[in-house]
Student: 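My questions all concern the structure below.
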Protein chains: 2
Amino acid sequence: MSRLKQITEAVRDAGSLGVADLASLTGASEMTIRRDLEVLAAQGVLERFRGGARSLLLRGSEPPFALRSDDNTAAKRRIATAVAGLLADGESVVLDSGTTCLEVARLLHDRRLTVMPLSLHAVNALSSSSSLTLLVPGGRPRPGELALTGPLTLASLESLRFDTAVIGCCGLSAEQGMTAFDLEDASVKRAAIASARRVIAAVDASKLTRTALAFVAPVSSLDAVVTDADGDEGLTAAGVTVVTA
Amino acid sequence: MSRLKQITEAVRDAGSLGVADLASLTGASEMTIRRDLEVLAAQGVLERFRGGARSLLLRGSEPPFALRSDDNTAAKRRIATAVAGLLADGESVVLDSGTTCLEVARLLHDRRLTVMPLSLHAVNALSSSSSLTLLVPGGRPRPGELALTGPLTLASLESLRFDTAVIGCCGLSAEQGMTAFDLEDASVKRAAIASARRVIAAVDASKLTRTALAFVAPVSSLDAVVTDADGDEGLTAAGVTVVTA
DNA sequence: AGCTTTCAAACACTGGATTTGTTCGTTAGC
DNA sequence: GCTAACGAACAAATCCAGTGTTTGAAAGCT
């Protein structure tokens with residue numbers, strides 16, 4: 001585990017911690033801890049005060065992208081591989097933001113597809129591909145996440161029709177449907193779903209027991225859910241194809 | 001001069017060259033030359049064949065972005081600094097693609113502005129800024145250049161009104177007006193100009209004697225031209241403010 | 001087929017950039 | 001005013017991209 005994540009979690013669990021505590025916890029020097037705190041503060045993870053830092057992570061919000069990105073990569077990659085397998089050459093695909101979908105993007109680099117990613121991270125992962133047609137939606141990138149949102153994004157989605165939407169999310173259950181942390185994100189996901197004939201949700205198992213603030217869509221709008229462990233949670237009963245990677 | 005550029009020019013001038021020739025020309029090993037040829041082939045600069053490579057650069061087309069980017073950086077930076085100085089805090093700016101405008105983007109990173117860059121390179125340069133409002137236009141990124149083009153880009157521009165447009169180009173003269181190498185690019189530039197109240201052209205002096213294929217706009221649509229050396233070329237007479245950086 | 005040339009994968013090396021640690025003068029808070 | 005924390009500046013360590021070398025495979029020629 002990276003030192004940054006270690007610090008983030010220690011501070012979150014304790015509420016606030018001193019520089020010296022973090023130094024002895026991680027084995028790094030105090031100067032290094034200060035520099036780490038600076039970058040974490042810039043990411044909005046925590047707030048510095050003289051002598052230490054206090055966490056800014058609410059229970060309802062998700063940790064910033066940079067910290068999630070190399071979390072559970074094995075599961076993400078397995079899910080991504082399964083999702084990539086569901087896409088046929090020549091298809092047009094809208095690809096949601098988030099770390100799991102970024103993993104999908106990486107696998108699509110040499111495929112023959114038309115892809116419109118909803119996050120700049122995925123755009124960057126794909127921009128050097130010569131085999132696929134890359135479409136960039138307009139929008140305002142949310143800091144860190146670099147997920148595109150806002151009216152420009154919605155307008156881009158509304159003007160296009162895709163064969164498949166690959167959507168990630170923060171919570172998914174038969175009763176609560178698909179939910180996301182961010183309201184803006186939720187409306188983008190909704191527009192992506194509306195613009196596609198087929199909808200695939202790429203969701204690691206931990207999300208199947210969770211519900212986030214913003215409602216996106218009922219499970220009935222999904223055609224398939226790709227997940228990493230067995231944890232159906234009533235999705236099959238709700239008429240969704242569940243693929244376990 | 002970088003070895004890549006050296007190879008590009010040698011192959012262009014000779015039509016085609018052998019690996020051994022290029023190795024002795026550059027002083028690098030043959031393996032390194034092969035690796036270089038691989039990246040240049042990926043950029044579409046040349047085509048490999050057993051034993052060497054042949055050029056794919058036409059006279060009318062411009063060398064790829066990666067080769068132009070650290071060309072004449074001093075002049076570009078001076079021009080960029082002058083352009084940045086013409087922008088006032090709070091303004092909304094649409095920023096064209098190209099290496100000179102990328103230099104401008106770098107200078108805007110910590111300013112308080114609303115910026116919509118027309119190239120993904122500039123988007124990436126700005127996406128970590130917390131002080132400015134970044135807008136991404138939709139579109140298809142042209143390979144290498146990563147300039148956004150196409151109907152999505154035009155639609156994004158048409159739906160917005162900017163205070164200032166900063167435009168780069170391949171040719172500019174009082175008689176021929178502003179010209180670009182790429183037709184798609186030209187229509188994007190035109191839309192950018194139409195969406196802004198004030199138009200600044202950022203152009204190094206070598207462009208002032210050149211004309212490219214695609215007509216963009218007459219000099220009368222420009223409010224100011226920022227260039228690096230004295231070389232008015234009748235622009236002042238045509239009613240344009242010429243700023244020499 | 002047999003020979004020669006070219007190619008590229010694998011490994012080692014190198015120089016530059018990034019990260020980390022240390023020192024020390026400055027600053028914030030008591 | 002005093003003390004602890006801070007951060008700038010420099011030094012050390014570490015990492016990484018680019019390069020060269022070797023070597024076995026592949027391509028082209030006779």
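Side chains are part of it too, since the values below use all heavy atoms of this structure and drop only hydrogens, waters and symmetry mates. Order of the sequence lines fixes the chain letters, A, B, ..., with proteins taken first and strands second; residue numbering starts at 1 for each chain.
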Student: Report the residues that fulfil salt bridge (Lys or Arg N to Asp or Glu O under 4.0 Å) with A:Glu30, sequence neighbours left out, ordered by chain and then residue number.
Tutor: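 Only A:Arg34 meet the salt bridge (Lys or Arg N to Asp or Glu O under 4.0 Å) criterion with A:Glu30.
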Student: Between the axis at one end of the helix from C:dA1-D:dT30 to C:dC30-D:dG1 and the axis at the other (five pairs apiece), what's the angle to 10 degrees?
Tutor: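 Computed angle between terminal axes is 40°.
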Student: Just to verify, what does B:Ser130 make a side-chain hydrogen bond (donor to acceptor under 3.5 Å, both in side chains) with, not counting sequence neighbours?
Tutor: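 So B:Ser130 forms no side-chain hydrogen bond (donor to acceptor under 3.5 Å, both in side chains) with any residue.
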Student: What pairs meet the side chain to side chain donor-acceptor pair (under 3.5 Å) rule with one or both residues in residues 82-105 of chain B, with sequence neighbours excluded?
Tutor: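 Listed by first then second residue: B:Lys76-B:Thr99, B:Arg77-B:Glu103, B:Asp89-B:Arg111, B:Glu91-B:Thr164, B:Glu91-B:Arg198, B:Ser92-B:Asp163, B:Asp96-B:Lys189, B:Glu103-B:Arg106.
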Student: Among all residues two or more places apart in sequence or in another chain, which pass the side-chain contact (heavy atoms from CB on, under 4.5 Å) test with A:Glu47?
Tutor: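 With sequence neighbours excluded, A:Glu47 shows a side-chain contact (heavy atoms from CB on, under 4.5 Å) to A:Arg54, A:Leu56, given in chain and number order.
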Student: Return the set of residues passing side-chain hydrogen bond (donor to acceptor under 3.5 Å, both in side chains) with A:Arg142 (not counting sequence neighbours), or none when no residue passes.
Tutor: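 Scan of A:Arg142 (side-chain hydrogen bond (donor to acceptor under 3.5 Å, both in side chains), adjacent residues dropped) gives A:Asp185.
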Student: Reading nucleotides 5-24 of chain C from the 5' end, what letters show protein touch, with B for base, S for backbone sugar-phosphate only, - for no heavy atom under 4.0 Å?
Tutor: BBBBB----------BBB--
Student: Considering only residues two or more places apart or on different chains, which pairs with a residue in residues 113-123 of chain B satisfy side chain to side chain donor-acceptor pair (under 3.5 Å)?
Tutor: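 Every candidate side chain to side chain donor-acceptor pair (under 3.5 Å) pair involving residues 113-123 of chain B fails, so no pair, neighbours aside, qualifies.
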Student: With sequence neighbours excluded, tell me which residues meet side-chain hydrogen bond (donor to acceptor under 3.5 Å, both in side chains) with A:Ser29.
Tutor: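 A:Thr32.
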